[in-house]
Amino acid sequence: MTIGLRGLSLSTLSLPLLRSCKIKPPTHSYPTSRSLKPLISPCNPTVLRGFPSFCASSDVNVETTATVPPATEADNAQSAEDIRNAANLLDIRVGRIIKAWRHEEADSLYVEEVDVGEPEPRIICSGLVKYIPLDLLQDAKVVVLANLKPRNMRGVKSNGMLMAASDAAHENVELLMPPDGAVPGERIWFGTEDDKDGQPEPATPNQVQKKKIWESVQPQLKTDASCTAMLGEHLMQTSAGVVVCRSLKNANIS
């Protein structure tokens, strides 16, 4: 009779000889049950390294991928309120174009004399030649951003900007229109009738430029599905009603 032991063939006669040999069983460096406890602890960094962290506390030094927590409703509300506060620093007024003509040195520009409730009309340059016929500008009610720093436009100093809606491709552009009855020079606000008296003094042109107030507000200005001008959820208002454009829905305003 032979016995197979790891590839060795031993006869039964050899067994007494093996018993008489004082051969110690092989030892291995396996941990004992006591030494296993720290190793198999669910928060042991050695075990966790290279695996998703399902139960590690925030102070365990493990290799994890940093994630940015999602914005909360409070964060979004605060951001919207900041934008509205910035918008209230803009001096947006009802205007009326007294006279408009083509710029002599720039084919894409009109020059307008605009009544914004001041002793003298403002001169404003607008890149509207390919979008709006000149005759439609004459005596038109418009919305003017009045506290921008003056800019030299091919030899003509422009003191403000006519606000307009445009589609995503910027192929169609329409001027914003105050309602009938709106008075040139009236300051426009965002919100309800109750918000009119709470407007702060407008920022100076230098402040608007330095703090990039217009750049922060402009991306939030849109028309809604009824062509009404909006800042987020707030209506663009005059004492005579809301500001609109002729036909562009869900359009950008600049």
Side-chain angles (χ1 to χ4, degrees), residues 68 70-71 73 75-95 97 100 102-103 106-112 114 124-138 140-149 151 153-154 158-180 182 188-192 195 203 208-209 211-238 241-254:
V68 178
E73 291 184 6
D75 293 335
N76 292 334
Q78 181 64 37
S79 177
E81 190 63 24
D82 289 343
I83 294 296
R84 190 180 179 199
N85 290 337
N88 286 336
L89 296 174
L90 296 174
D91 188 6
I92 303 175
R93 302 188 202 174
V94 176
I97 297 176
R102 295 283 294 268
H103 194 299
D107 293 339
S108 64
L109 296 178
Y110 289 132
V111 182
E112 304 100 9
V114 187
I124 296 176
C125 295
S126 305
L128 298 171
V129 170
K130 70 176 184 177
Y131 304 110
I132 300 174
L134 182 59
D135 62 303
L136 294 183
L137 294 180
Q138 309 299 339
K141 287 279 188 70
V142 291
V143 173
V144 177
L145 179 54
N147 59 340
L148 296 176
K149 289 192 73 172
R151 293 181 58 191
M153 308 281 282
R154 294 286 188 93
S158 179
N159 288 276
M161 182 180 75
L162 303 187
M163 297 183 68
S166 64
D167 58 17
H170 206 71
E171 294 178 350
N172 298 289
V173 177
E174 297 175 358
L175 287 171
L176 295 187
M177 301 184 301
D180 293 338
I188 294 171
W189 75 95
F190 299 96
T192 66
D195 296 314
V208 171
Q209 181 180 45
K211 297 181 180 181
K212 298 186 181 299
I213 295 174
W214 170 242
E215 289 83 353
S216 68
V217 172
Q218 187 274 324
Q220 308 304 318
L221 290 169
K222 311 281 184 183
T223 61
D224 65 7
S226 63
C227 303
T228 301
M230 308 281 293
L231 174 75
E233 298 179 349
H234 303 290
L235 296 167
M236 183 181 278
Q237 291 263 27
T238 74
V242 298
V243 174
V244 300
C245 71
R246 184 173 59 83
S247 65
L248 292 178
K249 302 176 181 179
N250 304 312
N252 299 316
I253 292 176
S254 59

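Atom set for the values below is all heavy atoms of this structure, side chains included, hydrogens, waters and symmetry mates excluded. Quick caveat, the model's predicted, so the values are computed rather than measured.
- Using a distance-only test at 3.5 Å, with no hydrogens or angles considered, a donor-acceptor pair links the side chain of Asp195 to the main chain of Thr192.
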Working for side-chain contact (heavy atoms from CB on, under 4.5 Å), residues Leu175 and Leu162: CA-CA 7 Å; Leu175 287 171; Leu162 303 187; 3.9 Å; yes
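- Minimum heavy-atom separation, Ala87 to Leu231: CB-CD2, 3.5 Å.
- Side-chain N or O atoms of Gln138 include one that pairs as donor or acceptor with a backbone N or O of Ala100 at under 3.5 Å.
- When every heavy atom of Asp167 is checked against every heavy atom of His170, the shortest pair comes out as OD1-N, 2.8 Å.
- You'll find the side chain of Val208 stays beyond 4.5 Å of the side chain of Leu89, heavy atoms only.
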For Leu235 and Phe190: C-alpha separation, side-chain torsions, deciding distance, then whether side-chain contact (heavy atoms from CB on, under 4.5 Å) applies. CA-CA 5 Å; Leu235 296 167; Phe190 299 96; over 6 Å; no
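- Partner of Leu176 under the side-chain contact (heavy atoms from CB on, under 4.5 Å) criterion, chosen from Val143, Val244, Val144: Val143.
- Other residues, nucleotides and ligands contribute more than 12 heavy atoms inside 6.0 Å of the CG atom of Asp135.
- A distance of 13.5 Å separates NZ of Lys212 from CD of Gln218, quoted to the nearest 0.5 Å.
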Glu112 vs Leu137, test: side-chain contact (heavy atoms from CB on, under 4.5 Å). Steps then yes/no. CA-CA 9 Å; Glu112 304 100 9; Leu137 294 180; 4.2 Å; yes
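- Gln237 places no side-chain N or O within donor-acceptor distance of the main-chain N or O of Ile188, the cut-off being under 3.5 Å.
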Test side-chain hydrogen bond (donor to acceptor under 3.5 Å, both in side chains) on Asp82 and Ser79; report intermediate values, then the result. CA-CA 5 Å; Asp82 289 343; Ser79 177; 5.7 Å; no
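- What you find for Asn250 and Ala225 is that their closest heavy atoms are OD1-N, 3.5 Å.
- Distance alone, capped at 3.5 Å, places no donor-acceptor pair between the His103 side chain and the Ser126 backbone.
- Trp214 and Leu90 get closest at one heavy-atom pair: CE3-CD1, 3.8 Å.
- Nearest heavy-atom pair, Pro133 versus Tyr131, reported as atom, atom and distance to 0.1 Å: CD-O, 4.2 Å.
- At least one donor-acceptor pair under 3.5 Å links the side chain of Asn147 to the backbone N or O of Ala203.
- With a 4.5 Å cut-off on side-chain heavy atoms, Asp224 and Lys249 do not count as touching.
- Here the straight-line distance linking atom SG of Cys125 with atom CE of Met161 works out to 13.5 Å at 0.5 Å rounding.
- In this structure, OG1 on Thr223 lies 12.5 Å from CZ on Arg246, to the nearest 0.5 angstrom.
- Using a 4.5 Å heavy-atom cutoff, the side chains of Leu221 and Met163 are in contact.
- In this structure, CG in Leu145 is found 10.5 Å from CD1 in Ile213, a value given to the nearest 0.5 Å.
- Looking at Lys130 and Ser108, their side chains never come closer than 4.5 Å, going by heavy atoms from C-beta outward.
- Counting only distance, with no hydrogens or angles, the side chain of Ser158 and the backbone of Ile124 share no donor-acceptor pair below 3.5 Å.
- Between the side chains of Asn252 and Lys222, at least one donor N or O sits under 3.5 Å from an acceptor N or O.
- Side-chain atoms of Ser166 do not come within 3.5 Å of backbone N or O of Asn172 as any donor-acceptor pair.
- Taken from NZ in Lys141 to CG in Asp180, the straight-line distance is 6.5 Å, to the nearest 0.5 Å.
- Across every non-hydrogen atom of Ala164 and Val173, the tightest pair is CB-CG1, 3.8 Å.
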Quick one: do Arg84 and His234 satisfy side-chain contact (heavy atoms from CB on, under 4.5 Å)? Show the steps, please. CA-CA 9 Å; Arg84 190 180 179 199; His234 303 290; 3.5 Å; yes
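- With rounding to the nearest 0.5 angstrom, the CD1 atom of Ile132 is 8.0 Å from the CD atom of Glu174.
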